[in-house]
Amino acid sequence: MARTLALVLVGAAALAVGPAAAGSEPGRAAADKAVAYRATAPYQHHANGVRAGYKPDRYCVFDRAGGTGALGYPHFNHAYDNSTDPAKPTALFYEDDGRGGKRLVGVEWLVHDRDQNLTTDDDRPSMFGVPFKGPNRGNFPGQPVHYALHLWLWKKNPEGQFTTYNPTVTCLPGTTRP
């Protein structure tokens with residue numbers, strides 16, 4: 001019910017922004033967030049995300065650098081690598097819902113670094129008026145140097161909507177990569 005209400009409010013906000021504000025950065029950011037909400041709303045049902053080509057990782061990802069928080073369970077659709085379309089995130093993040101299922105909490109866009117050089121960033125993308133983080137080393141063998149932008153659409157992050165890890169997302173014991 002709360003998520004349905006959130007979708008209605010986001011849709012109303014998008015209509016209020018309208019085309020007149022589309023040229024302004026804050027107006028564009030709000031409109032793009034509304035697009036991301038609408039596009040990812042069906043993925044609140046975990047099976048819909050999987051059917052849409054988002055491949056689940058069986059492990060929950062937490063901040064190993066000693067910070068607090070986690071990403072949850074990433075689900076990647078590599079067909080959307082290099083997307084800066086708010087309707088096509090590369091990854092969906094789910095957390096355990098406490099009833100044996102998964103709840104959508106956030107999304108991520110991932111763009112490969114053009115020159116694969118960690119010391120240059122002249123091709124850094126941005127969305128929602130926010131620059132992507134990076135360039136970052138690949139997180140697994142074969143993943144290229146890339147930029148990433150996390151957006152906590154479906155669960156509030158007290159550290160900020162675009163912060164990498166969310167301290168309100170936790171990994172259950174035994175669910176993280178050994």
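- Using a 4.0 Å cut-off between a side-chain N of Lys or Arg and a carboxylate O of Asp or Glu, R124 and D113 do not qualify as a salt bridge.
- Here the CG atom belonging to L110 is positioned 15.0 Å from the OH atom belonging to Y80, to the nearest 0.5 angstrom.
- Scanning all heavy atoms of the two residues, the minimum distance from N82 to H112 falls at OD1-N, 2.7 Å.
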For this session: Run the numbers on S83 and D85 for side-chain hydrogen bond (donor to acceptor under 3.5 Å, both in side chains), then give the verdict.
Result: CA-CA 5 Å; S83 169; D85 179 341; 5.3 Å; no

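- Using a 4.0 Å cut-off between charged nitrogen and carboxylate oxygen, K155 and E95 count as a salt-bridge pair.
- Remark: D57 engages R177 in a salt bridge, criterion side-chain N to carboxylate O under 4.0 Å.
- Here the side chain of D97 pairs a donor or acceptor atom with the backbone of G101 at under 3.5 angstrom.
- Hydrophobic clustering, with ILVMFWY side chains joined whenever heavy atoms are under 4.5 angstrom apart, groups Y37 together with V130.
- A donor-acceptor contact shorter than 3.5 Å is absent between the side chain of N166 and the backbone of A70.
- At a threshold of 4.5 Å between non-hydrogen side-chain atoms, the residues F62 and L71 do not count as touching.
- Nearest heavy atom pair, residue D121 against residue P135, reads CB-CD, 4.0 Å.
- Side-chain N/O atoms of T163 and W152 include no donor and acceptor closer than 3.5 Å.
- For the pair K133 and Y147, the NZ or CZ position fails the cation-pi test of under 6.0 Å to the six-membered ring centre and within 45 degrees of the ring normal.
- Not a single donor-acceptor pair under 3.5 Å links the side chain of T175 to the backbone N or O of C171.
- Using modelled atom types, one side-chain atom of N157 and one backbone atom of E159 make a donor-acceptor pair closer than 3.5 Å.
- With a 6.0 Å radius and a threshold of 12 heavy atoms from other residues, nucleotides or ligands, H45 has its NE2 atom at or below the threshold.
- The environment of CZ in R64 is crowded: more than 12 heavy-atom neighbours from other residues, nucleotides or ligands sit within 6.0 Å.
- Using modelled atom types, no side-chain atom of Y43 and backbone atom of L104 make a donor-acceptor pair closer than 3.5 Å.
- Using a 4.5 Å heavy-atom cutoff, the side chains of P86 and K33 are not in contact.
- Summarising the geometry of P131 relative to L149, their closest heavy-atom pair is O-CD1, 4.0 Å, with the distance given to 0.1 Å.
- Screening H75, R51, R103 against H46 for a side-chain hydrogen bond (donor to acceptor under 3.5 Å, both in side chains) leaves a single residue, H75.
- Considering all non-hydrogen atoms of both residues, N136 and A148 come closest at ND2-N, 4.1 Å.
- A ring-ring contact (aromatic ring centres under 6.0 Å, His included) with H150 is found for exactly one of F162, F93, W109, namely F93.
- In this structure, Y54 and K88 approach most closely via the heavy-atom pair OH-C, 4.5 Å.
- Considering NZ of K102 and CG of D96, their distance stands at 4.0 Å, rounded to 0.5 Å.
- Closest approach of T170 to C60, counting heavy atoms only: O-SG, 4.1 Å.
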Exercise. Can H146 and V111 be said to form a side chain to side chain contact (heavy atoms under 4.5 Å, CB included), step by step?
Worked result: CA-CA 5 Å; H146 61 276; V111 174; over 6 Å; no

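- P158 has its side chain within reach of T168: a pair of non-hydrogen atoms, C-beta onward, lies under 4.5 Å apart.
- At a threshold of 4.5 Å between side-chain heavy atoms, the hydrophobic network of Ile, Leu, Val, Met, Phe, Trp and Tyr places L153 and F76 in two separate groups.
- Put simply, the side chain of Y73 does not reach to within 4.5 Å of the side chain of V61, judged on heavy atoms.
- Using a 4.5 Å cut-off on side-chain heavy atoms (C-beta onward), Y94 and V105 make no contact.
- Side-chain contact between R137 and V145 is absent, with no heavy atoms from C-beta onward closer than 4.5 Å.
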